[in-house]
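Worksheet for the structure shown next.
Both counts, for ligands and for their atoms, begin at 1 and track the order of listing.
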Amino acid sequence: MTGLLDGRAAIVTGAGRGIGRAIAEALVAEGASVIVADNGASISGEGGDPAVARETARALGERAVAFDESVASPGVAKHLVELAVKQFGGIDIVVNNAAILRDAFVFRADPRDWDAVLRNNLSAPFYLINAASAVMREQGKTGRGGSAGYDWGRIVNIVSSAGLYGNPGQAAYASAKAGLFGLTRVTAMDLARAQITANAVAPFARTRVTDIIQPANEAQKTYKERALRIGAHHVANLVTALCSPAAKGITGQLLGVRGREVFLFGQPRPVARLEAGPAATLAHELGARLSDKFTDLTTDLEAFNTEPLV
Ligand SMILES: NC(=O)c1ccc[n+]([C@@H]2O[C@H](COP(=O)([O-])OP(=O)(O)OC[C@H]3O[C@@H](n4cnc5c(N)ncnc54)[C@H](O)[C@@H]3O)[C@@H](O)[C@H]2O)c1
């Protein structure tokens with residue numbers, strides 16, 4: 001390892017296992033100190049197990065500290081940032097990776113599940129960015145980032161292709177991830193002057209979540225077989241790169257990573273325009289003039305069901 005992140009302090013949520021753990025391992029391997037923030041919940045966000053964060057932190061060594069509370073509240077997010085400042089003298093990197101899943105078709109979903117998913121997957125990243133970025137900006141003024149003014153601070157939000165393409169039964173999850181991308185854009189804008197970057201990464205990797213996929217057809221069976229071959233260390237590699245000094249000019253971007261393949265996603269922008277007539281004719285006009293540019297209902301599982309580069 002190259003000491004790319006020597007002296008940097010990071011918070012990684014959901015770092016007790018899966019992709020978050022791989023990210024924490026990679027950041028520590030490059031010299032960073034890391035708070036392993038993980039409450040040890042089930043995939044659907046129930047229960048908790050403090051041993052999950054503790055065991056990962058222990059395995060990572062003396063530059064890792066365990067934090068086992070749920071990050072889905074503003075008070076806890078503030079407390080987490082205070083812990084980083086107390087333990088490491090500041091905070092340079094925030095990776096919002098923790099997430100839960102409560103899938104149900106939109107016509108059957110329980111609004112309480114919607115609330116829980118939005119709180120964990122979208123509000124929690126906001127709480128942490130809100131608390132951490134205030135400290136990061138102050139650090140800039142006191143020169144923590146280096147001598148020539150502060151040009152350091154990295155926020156990475158782990159999103160999902162489900163939030164870009166959609167997937168049947170994932171209303172809450174996809175909405176939260178799409179929202180997290182919107183939060184990434186505004187964070188990048190609000191922190192641009194402080195030279196703190198914010199990017200979104202859509203990962204693909206084998207974790208306990210891919211392990212429990214129940215294929216409903218041949219295509220899903222193939223998807224699962226392929227997904228099980230993709231290691232989370234590839235995601236960690238991209239996140240580490242985005243956290244490195246050389247990535248200081250990369251902000252507001254939406255990237256994907258699937259094995260050794262890294263994608264830059266386009267961001268929705270108008271692809272066609274017309275001058276509207278009355279409603280009675282507008283739908284015909286939309287169909288006649290723009291339908292070749294309509295986006296079809298391909299799901300993310302269909303779009304990314306190719307042989308992975310591992
Ligand atoms: N695995 C994939 O292929 C894939 C695909 C798309 C997106 N993602 C995203 O990648 C991220 C990691 O997913 P994973 O597959 O490693 O999942 P995972 O369930 O294995 O890990 C998530 C971790 O987050 C923790 N967590 C959940 N809610 C928390 C909370 N409120 N406070 C603290 N910790 C909490 C859990 O205890 C768990 O250890 C998620 O954001 C997920 O949406 C994963």
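For atom 15 (O) of ligand 1, the nearest non-hydrogen atom from the set Leu80, Asp68, Val71, Thr207 comes from Thr207. Compare Asn97, Leu101, Ile158, Val95 by their heavy atoms: the one nearest to atom 40 (C) of ligand 1 is in Asn97. The residue from Asp300, Asn120, Asn39, Val76 that puts a heavy atom closest to atom 26 (N) of ligand 1 is Asn39. The heavy atom nearest to atom 22 (C) of ligand 1, considering only Gly20, Pro125, Ala99, Ser44, is found in Ala99. Between the choices Phe304, Phe204, Tyr173, the shortest heavy-atom distance to atom 43 (O) of ligand 1 belongs to Tyr173.
Side-chain contact, Gln87 with Ser33: no donor N or O sits under 3.5 Å from an acceptor N or O. In summary, the side chains of Glu69 and Asn39 do not present any donor paired with an acceptor at a separation below 3.5 Å, with no hydrogens or angles considered.
Using a 4.0 Å cut-off between heavy atoms, Asp38 contacts ligand 1 through both its backbone and its side chain. Under 4.0 angstrom from ligand 1, the non-hydrogen atoms of Ile19 come from both its backbone and its side chain. Here Val209 has side-chain heavy atoms under 4.0 Å from ligand 1, and that is the only part of it that gets that close.
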_Evaluation steps, side chain to side chain donor-acceptor pair (under 3.5 Å), between Arg258 and Thr306_ = CA-CA 10 Å; Arg258 185 169 180 266; Thr306 54; 3.1 Å; yes
*Given Phe304 and Tyr165, is the ring pair (Phe, Tyr, Trp, His ring centres under 6.0 Å) satisfied, shown in steps?*
CA-CA 11 Å; Phe304 291 95; Tyr165 287 74; 5.6 Å; yes
*Between Thr184 and Asn157, is a side chain to side chain donor-acceptor pair (under 3.5 Å) present by the stated rule, with each step listed?*
CA-CA 7 Å; Thr184 308; Asn157 294 325; 3.0 Å; yes
*Let me see the working for His234 and Phe204 under ring pair (Phe, Tyr, Trp, His ring centres under 6.0 Å), right down to the final yes or no.*
CA-CA 9 Å; His234 296 291; Phe204 299 84; over 10 Å; no
*Audit row: Arg21, Thr56, side chain to side chain donor-acceptor pair (under 3.5 Å) steps and yes/no*: CA-CA 7 Å; Arg21 179 175 174 142; Thr56 299; 3.2 Å; yes
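Remark: distances from the non-hydrogen atoms of Gly16 to ligand 1 are all 4.0 Å or more. Not close to ligand 1: Thr13, with no non-hydrogen atom less than 4.0 angstrom away. Residue contacts with ligand 1: Gly45 is excluded, as none of its non-hydrogen atoms falls under 4.0 Å. The shell of residues lying under 4.0 angstrom from ligand 1, judged by heavy atoms, excludes Arg206. Heavy-atom distances between Ala205 and ligand 1 reach below 4.0 Å in at least one pair. Using a 4.0 angstrom heavy-atom cutoff, Val159 counts as in contact with ligand 1.
Ligand 1 has an N or O atom lying under 3.5 Å from an N or O atom of Lys177, backbone or side chain. Note: no N/O pair closer than 3.5 Å links Ser160 and ligand 1 by distance alone. Distances between N or O atoms of Val52 and those of ligand 1 include no value under 3.5 Å.
Looking from atom 21 (O) of ligand 1 to the surrounding protein, the closest heavy atom is Arg17 O, 4.1 Å. Scanning all protein heavy atoms for the shortest distance to atom 24 (O) of ligand 1 gives Gly14 CA, 3.2 Å. Looking only at heavy atoms of the protein, atom 18 (P) of ligand 1 is closest to Arg208 NE, 3.7 Å. For atom 6 (C) of ligand 1, the nearest protein heavy atom (residue, atom name, distance) is Pro203 O, 3.3 Å.
Smallest separation of non-hydrogen atoms from Ile158 and Leu180: O-CD2, 3.4 Å. Residues Gly45 and Ile100 come closest through the heavy atom pair CA-CG2, 3.4 Å. Nearest heavy-atom pair, Gly179 versus Leu122, reported as atom, atom and distance to 0.1 Å: C-CD1, 3.5 Å.
Less than 4.0 angstrom separates some heavy atom of Ile100 from each of these atoms of ligand 1: 27 (C), 28 (N). Those atoms of ligand 1 with a heavy atom of Gly40 less than 4.0 angstrom away are 37 (O). Proximity to Gly18 (heavy-atom distance under 4.0 Å) selects the following atoms of ligand 1: 16 (O).
Ring geometry for Phe107 versus Phe105: interplanar angle under 30°, hence parallel rather than tilted (30 to 60°).
Partner Val257 forms a side-chain contact (heavy atoms from CB on, under 4.5 Å) with one of Asn237, Val201, Ile230, Val239 and no other, that one being Val201. For the side-chain contact (heavy atoms from CB on, under 4.5 Å) test with Arg102, the passing option among Asp115, Val117, Asn120 is Val117; the others fail.
Both tests hold for Arg8 against Trp152: distance to the six-membered ring centre under 6.0 Å, angle to the ring axis within 45°.
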